[in-house]
Peer 1: 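Before I ask anything, let me first share the structure, which is written out below as structure tokens.
Fair warning: this is a prediction, and the values are worked out from it, not measured in the lab.
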Amino acid sequence: MKAAVDEDTCIACGLCVGTCETVFAFNDNGKAFAQVDTIPPECETDAQTARDGCPVDAISIDS
């Protein structure tokens, strides 16, 4: 599974980073990004929770 964050949509609320900091972090612009190429299996549920909780639907996860 791979995660991506649309930086133009991201409002930097921090929910994704707080929910799954292994996968998501803030970049130099203060926006979230996926910091791993592939979501570790043990983080898949948390990454999906972060995606589902994003208030602006900026996160996508592909298998």
Side-chain angles (χ1 to χ4, degrees):
M1 299 179 92
K2 296 181 184 250
V5 179
D6 181 343
E7 187 177 328
D8 292 331
T9 303
C10 178
I11 59 170
C13 75
L15 182 134
C16 60
V17 175
T19 302
C20 190
E21 65 183 9
T22 299
V23 175
F24 302 103
F26 289 115
N27 64 21
D28 291 339
N29 295 327
K31 302 292 182 123
F33 75 103
Q35 63 180 345
V36 296
D37 290 329
T38 303
I39 300 170
E42 66 274 12
C43 296
E44 288 178 357
T45 299
D46 287 344
Q48 290 170 336
T49 298
R51 175 200 60 203
D52 295 344
C54 180
V56 293
D57 297 323
I59 300 170
S60 60
I61 296 178
D62 297 320
S63 48

Peer 1: At their closest point, which heavy atom of G30 faces which heavy atom of A12, and how far apart are they?
Peer 2: O-CB, 3.0 Å
Peer 1: Can you list every side-chain hydrogen bond (donor to acceptor under 3.5 Å, both in side chains) pair that touches residues 7-16, not counting sequence neighbours?
Peer 2: D6-T9, E7-N27, E7-N29
Peer 1: Which donor-acceptor pairs under 3.5 Å do side chains of residues 17-26 form with protein atoms, sequence neighbours excluded?
Peer 2:
residue	atom	partner	partner atom	Å
T19	OG1	L15	O	2.7

Peer 1: Please list, one pair per line, the donor and acceptor atoms closer than 3.5 Å that link side chains of residues 36-52 to other protein atoms, with sequence neighbours excluded.
Peer 2:
residue	atom	partner	partner atom	Å
T49	OG1	T45	O	2.9

Peer 1: Do you reckon I11 sits in the same ILVMFWY cluster as I59, going by side-chain contacts under 4.5 Å, direct or chained?
Peer 2: no
Peer 1: Considering non-hydrogen atoms only, spot the tightest contact between C10 and V56 and give its length.
Peer 2: CA-CG2, 4.3 Å
